[in-house]
**Q** 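Below is one structure. I have some questions about it.
These numbers come from the heavy atoms of this one structure, side chains and all, not from hydrogens, waters or symmetry mates. No experiment lies behind these values; they were computed from the predicted model shown. FYI, the numbering just counts along the sequence from 1.
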Amino acid sequence: MTIKRVRKAVFPVAGLGTRFLPATKAMPKEMLTVVDKPLIQYAVEEALEAGIEQIIFVTGRGKAALEDHFDISYELETTIRERGKSLSLIEGIRQQPGSPVYVRQQEPLGLGHAVWCAREIVGDEPFAVLLPDELMVGSPNFTAQMVNAYNQVGGNVIGALEVADEETSKYGIISPGKVDGRLTEVTALVEKPAKGASPSNLMIPGRYILQPEVMRILDAKETGAGGEIQLTDAIAQLIGRQPFHGFTFDGERYDCGGKEGFIQANLALALARDDIGPAVRKFATALLG
């Protein structure tokens with residue numbers, strides 16, 4: 001079996017971010033910062049470090065700030081140089097010509113629809129999908145771990161994360177087959193199982209490596225939960241037709257799609273930094289004392 005290399009990554013970033021209003025009224029939710037870096041930059045850096053070569057953003061209206069972030073900043077860069085200061089904080093953000101690629105999702109019809117909007121750019125290659133709301137911290141990073149696993153088994157590899165038994169009813173859950181270390185054969189995907197009826201405690205945290213055949217399934221535009229075109233429904237149809245595994249992440253996950261996880265991410269990453277960690281720890285200790 002020939003395993004094609006994963007070169008492309010799709011980032012669905014067309015969401016309105018209503019859970020963070022009013023902060024996201026005029027600013028893309030993906031530009032919300034964890035310490036001093038926007039969420040989208042964490043996700044893009046994760047992909048690049050995993051060997052991804054082409055970044056594909058599926059955007060919507062009002063996302064100009066996101067696009068500008070990965071472009072050249074003439075005024076800013078010129079001013080920094082003239083003042084004799086270092087550009088190190090923004091070096092590496094701008095991509096090579098031709099990347100990122102931007103496509104529009106005109107209507108919010110679901111995650112599956114957002115991924116499908118990138119079909120012409122993905123072509124006939126395997127591709128990764130990263131949801132920037134999910135901030136993953138680990139070394140090597142989550143996508144790099146998944147790419148390494150994919151290079152061994154091919155097919156489709158989705159991220160997996162162990163959660164407490166009482167939490168399984170909140171997520172899409174993997175029904176497991178054979179387990180080999182951190183790789184788990186996927187026999188089915190169960191969306192928000194009833195308490196006590198979950199086939200495992202492995203949830204799907206927003207990282208995927210998928211074969212292009214999923215786009216042909218999404219062509220049908222079949223709707224699922226909430227009347228939306230669901231990615232989970234589409235990839236579930238590949239089970240049994242192609243190799244399909246979950247890969248359990250060795251690291252920390254912060255759900256920055258909600259305020260609690262966003263604040264937790266800011267605190268955890270701030271504490272881990274040498275420059276501000278001691279001061280933040282001192283403040284937090286005094287606050288809680």
**Q** Indicate, with yes or no, if Ile93 and Leu66 share a hydrophobic cluster defined by side-chain heavy-atom contacts under 4.5 Å among Ile, Leu, Val, Met, Phe, Trp and Tyr.
**A**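 Yes, it is one cluster - the side chains of Leu66 and Ile93 are joined through contacts under 4.5 Å.
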
**Q** What's the separation between atom CD in Gln152 and atom CG in Leu183, rounded to the nearest 0.5 Å?
**A**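 Here the interatomic distance stands at 6.5 Å.
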
**Q** Is there a path from Leu48 to Val101 through hydrophobic residues (I, L, V, M, F, W, Y) whose side chains come within less than 4.5 Å of each other?
**A**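 No: no chain of side-chain contacts under 4.5 Å links Leu48 to Val101.
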
**Q** Quick one, Phe70 with Phe57, criterion ring pair (Phe, Tyr, Trp, His ring centres under 6.0 Å). Give me CA distance, side-chain angles, the key distance, then yes/no.
**A** CA-CA 11 Å; Phe70 292 96; Phe57 288 144; 5.5 Å; yes

**Q** Test of understanding: clusters of I, L, V, M, F, W, Y form through side-chain heavy atoms closer than 4.5 Å, transitively. Do Val115 and Val6 belong to the same one?
**A**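 Different clusters.
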
**Q** May I ask you to decide whether Lys170 forms a salt bridge with Asp255, counting only side-chain N to carboxylate O separations under 4.0 Å?
**A**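 A salt bridge is absent here (no side-chain N lies under 4.0 Å from a carboxylate O).
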
**Q** Less than 4.0 angstrom from a charged side-chain N to a carboxylate O is my criterion; do Asp71 and Arg94 meet it?
**A**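 Not counted as a salt bridge, because no side-chain N and carboxylate O are separated by less than 4.0 Å.
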
**Q** Do Gln264 and Glu260 have a side chain donor and acceptor closer than 3.5 Å?
**A**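 Short answer, no.
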
**Q** Can you tell whether the side chains of Glu53 and Arg5 come within less than 4.0 Å, N to carboxylate O?
**A**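 Looking at Arg5 together with Glu53, the answer is yes, because their closest N to O distance falls below 4.0 Å.
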
**Q** Check whether any side-chain N or O of Lys259 sits under 3.5 Å from a backbone N or O of Arg19 as a donor-acceptor pair, and report yes or no.
**A**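 Yes; judged by distance alone, with no hydrogens or angles, the pair exists.
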
**Q** Begin with the C-alpha distance, continue with both residues' side-chain angles, and end with the deciding distance and a verdict on salt bridge (charged side-chain N to carboxylate O under 4.0 Å, His left out) for Arg7 and Glu125.
**A** CA-CA 8 Å; Arg7 300 189 313 110; Glu125 297 186 41; 2.8 Å; yes

**Q** A side-chain contact here means heavy atoms from C-beta on lying under 4.5 Å apart; do Glu185 and Phe244 qualify?
**A**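 No - every pair of side-chain heavy atoms lies 4.5 Å or more apart.
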
**Q** When you check the gap from the basic side-chain N to the acidic O, do Glu67 and Lys63 get nearer than 4.0 Å?
**A**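 Lys63 and Glu67: not salt-bridged.
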
**Q** Just wondering, more than 12 heavy atoms not from Arg273 lying within 6.0 Å of its CZ?
**A**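 Buried by this count: over 12 neighbours within 6.0 Å.
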
**Q** Using the rule that two of Ile, Leu, Val, Met, Phe, Trp, Tyr join whenever any of their side-chain heavy atoms come within less than 4.5 Å, decide whether Tyr254 and Val163 are in one cluster.
**A**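 The answer is yes; both residues are in one hydrophobic cluster.
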
**Q** With salt bridge (charged side-chain N to carboxylate O under 4.0 Å, His left out) as the test, would you mind laying out the steps for Glu162 and Arg253 before giving the verdict?
**A** CA-CA 11 Å; Glu162 294 183 5; Arg253 167 194 179 244; over 6 Å; no

**Q** Does any donor atom in the side chain of Gln105 or His113 lie under 3.5 Å from an acceptor atom in the other side chain?
**A**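 Yes.
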
**Q** How long is the straight-line distance from OG1 of Thr248 back to CE of Met203, given to the nearest 0.5 Å?
**A**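 Going from the CE atom of Met203 to the OG1 atom of Thr248 covers 11.5 Å.
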
**Q** Please report the interatomic distance SG(Cys117) to CZ(Arg104), rounded to the nearest 0.5 Å.
**A**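 Spacing of SG (Cys117) from CZ (Arg104) equals 11.5 Å.
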
**Q** Does any N or O in the side chain of Asp133 come within less than 3.5 Å of the main-chain N or O of Cys256, such that one atom is a donor and the other an acceptor?
**A**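 No: the side chain of Asp133 does not pair with the backbone of Cys256.
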
**Q** Salt bridge or not between Asp165 and Lys195? Use side-chain N to carboxylate O under 4.0 Å.
**A**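 Salt bridge between Asp165 and Lys195, a charged N being under 4.0 Å from a carboxylate O: no.
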
**Q** When rounded to the nearest 0.5 angstrom, what distance separates CZ in Arg182 from NE2 in His245?
**A**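 Spacing of CZ (Arg182) from NE2 (His245) equals 15.5 Å.
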
**Q** Measuring from atom CD1 of Ile56 to atom CZ of Arg119, what distance do you get when rounded to the nearest 0.5 angstrom?
**A**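 Reported to 0.5 Å precision, the distance equals 12.5 Å.
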
**Q** As an exercise, state the distance from CD1 of Ile235 to CD of Gln211, rounded to the nearest 0.5 Å.
**A**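 Between atom CD1 of Ile235 and atom CD of Gln211 there are 12.5 Å.
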
**Q** Count the heavy atoms of every other residue, nucleotide or ligand shown that sit under 6.0 Å from NZ of Lys37, and state whether that count exceeds 12.
**A**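 Count over threshold, so yes.
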
**Q** Short question: side chain of Ser200, backbone of Pro176 - any donor-acceptor pair under 3.5 Å?
**A**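 Not confirmed, Ser200 side chain does not pair with Pro176 backbone.
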
**Q** For Thr232, which of Ile158, Leu111, Leu189 qualifies under side chain to side chain contact (heavy atoms under 4.5 Å, CB included)?
**A**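 Among the candidates, only Leu189 passes.
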
**Q** Measuring only between side-chain heavy atoms, which start at C-beta, is Phe11 closer than 4.5 Å to Thr59?
**A**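 SC-SC contact between Phe11 and Thr59 ruled out.
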
**Q** Are more than 12 heavy atoms, taken from residues, nucleotides or ligands other than Glu213, located less than 6.0 Å from that residue's CD atom?
**A**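 Yes - once you tally the heavy atoms of other residues, nucleotides and ligands closer than 6.0 Å, there are more than 12.
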
**Q** Could you tell me whether a side-chain N or O of Lys8 sits under 3.5 Å from a main-chain N or O of Gly123, the two making a donor and an acceptor?
**A**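 Answer holds: no.
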
**Q** Examine Ile174 and Tyr171 and state if one hydrophobic cluster contains both, with Ile, Leu, Val, Met, Phe, Trp and Tyr joined whenever side-chain heavy atoms are less than 4.5 Å apart.
**A**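 Not linked; separate clusters.
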
**Q** Using a 4.5 Å cut-off on heavy atoms from C-beta on, say whether the side chain of Phe20 contacts that of Phe262.
**A**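 Contact flag for Phe262/Phe20 side chains = yes.
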
